[in-house]
There are 2 protein chains.
Amino acid sequence: MAATSIRDVASRAGVSVGTVSNVMNHPDKVSAAVAERVHAAITDLGFVRNDAARQLRAGHSRTIGLIVLDSRNPFFTDLARGAEDRAADSGLVVMLGNSGEDVARESTYLDVFEEQRVRGVLISPFGDVTARLETLRQRGTRAVLVDRQSEDARFSSVSVDDVAGGSLAVGHLIATGRRRIAFVGGPFEIRQVWERRRGAEMAVAAASGVSLEIIEVPALTVLAGRSAGEAIAARPAADRPDAVFAANDLVAMGILQALTMRGSTDISVPRDIALVGYDDIDFARAAVVPLSSVRQPSALIGQTAVDILMEETSDPALEPRAVVFQPELVVRESTGT
Amino acid sequence: MAATSIRDVASRAGVSVGTVSNVMNHPDKVSAAVAERVHAAITDLGFVRNDAARQLRAGHSRTIGLIVLDSRNPFFTDLARGAEDRAADSGLVVMLGNSGEDVARESTYLDVFEEQRVRGVLISPFGDVTARLETLRQRGTRAVLVDRQSEDARFSSVSVDDVAGGSLAVGHLIATGRRRIAFVGGPFEIRQVWERRRGAEMAVAAASGVSLEIIEVPALTVLAGRSAGEAIAARPAADRPDAVFAANDLVAMGILQALTMRGSTDISVPRDIALVGYDDIDFARAAVVPLSSVRQPSALIGQTAVDILMEETSDPALEPRAVVFQPELVVRESTGT
DNA sequence: CACCGAGTATGAATCGTTTCAACTCGTGGG
DNA sequence: CCCACGAGTTGAAACGATTCATACTCGGTG
């Protein structure tokens, strides 16, 4: 509770508080001898700058807020990692908030981040937050959407073309001879889910004799995937799809577990049902049946988002811009032979 | 850039700043009529409290710092999730820092968190941080170790008995008839790794005719595991261990990938090599061969750590205490028939 | 010898909130 | 009719770092 302040340092070093501040923030304005003495005083007293005071004066903090849909999804931890690394380059820290696909939590995090006067917010939105982000901006806090484009281009965004990804996945299934395809995903309020589905529908429409069944799940989790997989396995063989495109890898792995773990009925992946996931998380390749998946440059998304945020905060007049990466199909055994 | 302050709110509501503050922090001290007017003014002006100013006055912030060894390891994201949830109950936010098994980053995060005057630090230490944490405490910032016990009981900790876990894993391997066991893990500066190894050694010592080989890896990652697995697979069959205990599930999954993916040599898990991991992450059960693992109550660790931190900050005189959970073996196919 | 300017150092003002002692005012008891 | 009391309200002080106009110091120049 010593609570040594800059004033204590000043008096011990025999200089004024302004000088101490200069030593720390504008070393060029200070003579070597004085700097030396001040540094000695700082270490002697174990002085640690109070960031709250600094930021009160500065008007903004040294942190970036990041809100993700699911902090347990490796895709988002990779994204966060990318953001964190890039932020560190600018001496910033990332505060990670997990909305868990819950509008209340999402909103709470926005509140907290605004009270903290974060440098900016990176958000993978769940609810309809455009209005909220608009008022945020009016009050001086920028936001960049991650993993999703701003529908009306009012905010910068870094995303991946999910429609293309969906087409890629289902196009591949069709090319390998599948005809009764199921899309497993949800909730559809998540735009990414919706767009992957749209991509799937486009691929189906472009082929002939191919059907697409939509199986909605309540969340993009392994558990939800397992339930969906069990439901599929419980059907008579003739009613089952011969291929499944899951909205992300967690769901895909849940489905895979359900299909492969039931001892009695023998459903083989990929023989009976081919399976494609989305995100290409590290664990996908280590799955029971190594999972084909649509790869997104997760860390790069986080890095780019931070870059854009830094540009925008240094020049607030900048027009919002949308960076869109292209996804890439990774074929493994779950759709192979 | 409106930067509406509490003063603006006060003048618009026709009251003093003290009253506005009371409306927000001590509603009981304020008449209903005035509270009403103040709330109206707040919404009219879109006032958002400046947390920096609040915390400057209060002397501490509303955040908790958490430093983990590897933010990509599901064990730690689960732990973080537990901490985050519990913190939210007290209106706090968790700042997540990833040391990535790097002393410099770890130290930087400690610096940043101290400047931010966080409520407390939860840390899964990598380097030798006791001295550092000691000075932190002297200056008023408490720390709680997570996933590791404080050797000299100077800090509270929430951990799991890693020696017991190691014994559990290797005991199980021995009980199922394995005799040439390998422990794959590292770096040994990570105490958890060291203790799991110790547990393994104890189990081996308690049996007869069982050997334990130590294979060191540079990090607890899938990649490191894969290299180790490849090295094992490259040996002549007679030189290979008949069981492997991996220091965590990431390493185990890497090993599994290496053993199962090489087309030529046919090594079967568990027939030729049984495999046990550690942490029982969600993905372990979905692995190529569902992975036996030692389960830790990850989220509970995070929750408990926050609880302890809250207790200690509200009563700084409290003696440090160590909560130790017991691990649990989960048997799946990788060590089964 | 007075004056200049570059190079340094000073310290009061400032950021926005919370706290707290002091004040106001209406009410009920004596 | 006065006083004491309590509930409600006020406004200035404090938190600690940064900024910036001001002041000081010296060596050099006209």
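Here is the naming used below: chain letters follow the sequence lines, and residue numbers restart at 1 for every chain.
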Are [X] and [Y] ion-paired here, with the side-chain N under 4.0 Å from a carboxylate O?
{"X": "B:R119", "Y": "B:E312", "answer": "no"}
{"X": "B:R139", "Y": "B:E134", "answer": "no"}
{"X": "B:D147", "Y": "B:R191", "answer": "no"}

Starting at [atom1] of [X] and ending at [atom2] of [N], how long is that distance when rounded to a whole Å?
{"X": "B:Q116", "N": "D:dA17", "atom1": "CD", "atom2": "P", "answer": "14 Å"}
{"X": "B:E115", "N": "D:dT18", "atom1": "CD", "atom2": "P", "answer": "9 Å"}
{"X": "B:Q55", "N": "C:dC15", "atom1": "CD", "atom2": "P", "answer": "19 Å"}
{"X": "A:N22", "N": "C:dT8", "atom1": "CG", "atom2": "C1'", "answer": "9 Å"}
{"X": "B:I6", "N": "D:dG11", "atom1": "CD1", "atom2": "C1'", "answer": "12 Å"}
{"X": "A:R49", "N": "D:dT19", "atom1": "CZ", "atom2": "P", "answer": "11 Å"}
{"X": "B:L56", "N": "D:dA17", "atom1": "CG", "atom2": "P", "answer": "9 Å"}
{"X": "A:H60", "N": "D:dA17", "atom1": "NE2", "atom2": "P", "answer": "17 Å"}

Under 3.5 Å side-chain donor-acceptor pair for B:N73 and B:S71 =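 Per modelled atom types, B:N73 and B:S71 side chains form no pair under 3.5 Å.
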How close do A:F47 and A:I6 get, heavy atom to heavy atom, and via which atoms?
->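 For A:F47 versus A:I6, the nearest heavy atoms are CE1-N, 3.5 Å.
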Would you kindly check whether a donor in the side chain of B:R57 faces an acceptor in the base of C:dT18, or vice versa, at under 3.5 angstrom?
->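 It does, because a donor-acceptor pair links the side chain of B:R57 to the base of C:dT18 below 3.5 Å.
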Any donor-acceptor pair under 3.5 Å between the side chain of B:R54 and the base of C:dT18?
->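 In this structure, the two groups form no donor-acceptor pair.
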State whether B:S5 places a side-chain N or O below 4.0 Å from either non-bridging phosphate oxygen (OP1 or OP2) of C:dG16.
->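 No, because none of the side-chain N or O atoms of B:S5 sits under 4.0 Å from OP1 or OP2 of C:dG16.
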Between A:T19 and C:dT10, is there a side-chain N or O to OP1/OP2 distance below 4.0 Å?
->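 True: A:T19 side-chain N/O within range (under 4.0 Å) of C:dT10 OP1/OP2.
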Show every donor-acceptor pair shorter than 3.5 Å between a side-chain atom in residues 89-101 of chain A and any protein atom, with sequence neighbours excluded, or say none if there are none.
from  : atom 1 : to     : atom 2 : distance (Å)
A:N98 : OD1    : B:R81  : NE     : 3.1
A:S99 : OG     : A:V68  : O      : 3.2
A:S99 : OG     : A:E101 : N      : 3.4

To the nearest 10 degrees, how far apart in direction are the end axes of the helix from C:dC1-D:dG30 to C:dG30-D:dC1, each fit to five base pairs?
->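 Computed angle between terminal axes is 70°.
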Stretch residues 23-35 of chain A: residues that reach within less than 4.0 Å of DNA chain D through a heavy atom =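 Only A:M24, A:N25, A:H26 qualify.
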Please set out all donor-acceptor pairs under 3.5 angstrom arising from side-chain atoms of residues 30-40 of chain B, sequence neighbours excluded.
from  : atom 1 : to    : atom 2 : distance (Å)
B:S31 : OG     : B:V34 : N      : 3.4
B:R37 : NH1    : B:A13 : O      : 2.7
B:H39 : ND1    : B:A35 : O      : 3.2

Can you sort out the partners of A:F75 under ring pair (Phe, Tyr, Trp, His ring centres under 6.0 Å), two or more places apart, ordered by chain and number?
->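 Per chain and number, A:F75 pairs via ring pair (Phe, Tyr, Trp, His ring centres under 6.0 Å) with no residue.
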Nearest-nucleotide comparison on DNA chain C, the residue closer to the 5′ end among A:R37 and B:V48 |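 The residue whose closest nucleotide sits nearer the 5' end is A:R37.
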Extract all donor-acceptor atom pairs below 3.5 Å that involve side chains of residues 121-131 of chain B and protein atoms in other chains or at least two apart in sequence.
from   : atom 1 : to     : atom 2 : distance (Å)
B:D128 : OD1    : B:T130 : OG1    : 2.9

Nearest listed nucleotide, side chain of A:S21, among D:dT18, C:dT17, C:dT18 |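 Nearest to the side-chain atoms of A:S21, counting from C-beta on, is D:dT18.
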